[in-house]
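FYI, side chains are in, hydrogens and waters are out, and symmetry mates aren't considered; it's all heavy atoms of this structure. As the structure is a prediction and not an experimental result, all values here were calculated from the model.
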Amino acid sequence: MDEVTKALYNSYSLENKSDFFSAYVYLKYIDQFIFHALNASGLTPRERTEVPEAGIDEMLESAVQRVAENSISLDTSYYHGKVVKVNEAIKLVTQKDPISITPPEQVIPYKVARDIVLDSPDAIALGSCACRAAAEQSCLPPPMEVCLIIGDPYASFIAEKSPIFRKCTQEEAVEVIEAAHKRGDVQCAYFKKDVGNRFFAICNCCSCCCVGIKMWNLLGGAVPILVASGYVAQVSDDCNGCGSCDGCCHFNALTLGSEVAEIDQSKCMGCGVCEDVCPVGAISLVSDPSKGEPLDLDELLSK
């Protein structure tokens, strides 16, 4: 067993060793996992150019099925994400000291996979978005490096074992997040039971490719694979109806009324894309307790 695999294996307690095998195939074949996730969701993926051996493919299909079966409730879901504002995403990739916290359910409302444990916060792997690679027609041309795996042993493992990931610095991770936000992507922090029962990734997502956002929109939020940031967008009287924000919302929460932009707060996930798109500063994010509390590391670490 090589060193990165050994480190991954040793990170699991004896009673959770079975999660190692799920994490191994997920991290090594993350692009194939997303292919099966699209199929299982009734969405049409791009035809695969490479197919893993039969045993691996069956394990991936089984892993996707387990996620699907457990995703219908906050109590049972163990692969899920929280929308975060861009500054909150940057905090997650720029920590200098080890972190070990369990955010309250007001922040991460799931019963499973809620911890933020970063023994080596500067260990980051940057990779091509598996969702965009599997989509029939991606919104991004190559290169599509917008996915970040945070912390070891996961970052080192995927950087060595997956051909679409590589190690990167914290500074490069910040540049990726800022460029993606400027482009109009949504920042999501992902948590997964099999990957240490904790936060492990920042994804820069879009509604045309991202499986999570696609399913959220398709099912109207009935399957809680994503939760809101803790904020909602509001439009001030400064809105002049210029239309700069038209089409920017990945959750279909923003429309142009007869004269001004309008926000459907039941759909708004508080990502902040529209806030930064508005040229006159007429859209802003405000705290909304009905959307939970923000994943703000400064606040969580101060408690």
Side-chain angles (χ1 to χ4, degrees), residues 41 43 71-74 77 79-92 103-110 113-114 116 129 131-132 139 146-148 177-178 180-192 199 201-236 244-256 261-278 282-297 299-300:
S41 303
L43 304 170
S71 64
I72 59 174
S73 168
L74 293 170
S77 175
Y79 185 9
H80 40 251
K82 181 176 177 71
V83 175
V84 293
K85 294 201 301 182
V86 64
N87 65 308
E88 292 163 356
I90 289 172
K91 289 177 188 177
L92 286 165
E105 288 186 41
Q106 294 94 324
V107 178
I108 308 296
Y110 303 96
R114 288 173 40 219
I116 300 177
C129 176
C131 291
R132 288 179 169 109
C139 62
V146 293
C147 292
L148 298 157
I177 291 170
E178 290 178 337
H181 184 72
K182 185 176 181 180
R183 189 170 53 242
D185 291 349
V186 176
Q187 283 65 56
C188 296
Y190 271 93
F191 297 72
K192 185 172 171 64
F199 161 72
I202 292 288
C203 292
N204 296 286
C205 305
C206 62
S207 54
C208 48
C209 301
C210 173
V211 178
I213 295 182
K214 277 178 174 287
M215 295 310 298
W216 176 266
N217 288 333
L218 184 65
L219 300 175
V223 175
I225 191 171
L226 288 175
V227 291
S229 69
Y231 302 92
V232 293
Q234 67 176 13
V235 182
S236 74
S244 296
C245 60
D246 189 24
C248 77
C249 182
H250 293 285
F251 299 99
N252 304 313
L254 187 152
T255 55
L256 286 179
E262 298 176 354
I263 306 292
D264 182 341
Q265 295 196 351
S266 67
K267 293 181 178 180
C268 179
M269 297 292 274
C271 65
V273 170
C274 61
E275 181 180 45
D276 289 344
V277 164
C278 180
I283 304 176
S284 59
L285 292 186
V286 296
S287 178
D288 183 344
S290 72
K291 300 286 188 176
E293 294 181 5
L295 201 169
D296 186 326
L297 274 187
E299 179 69 19
L300 292 171

How close do [X] and [Y] get, heavy atom to heavy atom, and via which atoms?
| X | Y | answer |
| --- | --- | --- |
| Cys139 | Cys209 | N-SG, 3.6 Å |
| Leu226 | Trp216 | O-CZ3, 3.1 Å |
| Val232 | Cys268 | CA-SG, 3.7 Å |
| Cys205 | Arg132 | C-NH2, 4.1 Å |
| Val146 | Cys129 | CG2-CB, 3.6 Å |
| Cys274 | Ile283 | SG-CG2, 3.5 Å |

Checking [X] side chain against [Y] main chain: does a donor-acceptor pair fall under 3.5 Å?
| X | Y | answer |
| --- | --- | --- |
| Arg114 | Ile108 | yes |
| Lys82 | Ala228 | yes |
| Asn217 | His250 | yes |
| Tyr110 | Pro224 | yes |
| Ser229 | Met269 | yes |
| His80 | Pro109 | no |

Can you tell me how far apart [atom1] ([X]) and [atom2] ([Y]) are? Round to the nearest 0.5 Å.
| X | Y | atom1 | atom2 | result |
| --- | --- | --- | --- | --- |
| Glu88 | Ile202 | CD | CD1 | 9.5 Å |
| Lys291 | Leu285 | NZ | CG | 11.5 Å |
| Glu299 | Leu297 | CD | CG | 11.0 Å |
| Leu74 | Ile225 | CG | CD1 | 12.0 Å |
| Leu295 | Phe191 | CG | CZ | 5.0 Å |
| Leu256 | Asp246 | CG | CG | 4.5 Å |

Quiz prompt | Pro104 side chain near Leu300 side chain, heavy-atom distance below 4.5 Å | solution = yes
Quiz item: Is there side-chain contact between Met215 and Val223, with heavy atoms separated by less than 4.5 Å?
Solution: no
Exercise. Please work out whether the ring planes of Tyr190 and Tyr79 are parallel, tilted or perpendicular, with thresholds of 30° and 60°.
Key: perpendicular
Quiz item: Should we count CG of Leu218 as having more than 12 external heavy atoms under 6.0 Å?
Solution: yes
Practice problem: Start with the C-alpha distance between Cys271 and Gln187, add both sets of side-chain angles, then the distance that settles side-chain contact (heavy atoms from CB on, under 4.5 Å), and finish with yes or no. | Solution: CA-CA 7 Å; Cys271 65; Gln187 283 65 56; over 6 Å; no
Quiz prompt | Intermediate values then yes/no, salt bridge (Lys or Arg N to Asp or Glu O under 4.0 Å), Lys91 and Asp296 | solution = CA-CA 8 Å; Lys91 289 177 188 177; Asp296 186 326; 2.9 Å; yes
Exercise. For Val186 and Val83, run side-chain contact (heavy atoms from CB on, under 4.5 Å): C-alpha distance rounded to whole Å, both residues' side-chain angles, the deciding distance at 0.1 Å, then the answer.
Key: CA-CA 7 Å; Val186 176; Val83 175; 4.0 Å; yes
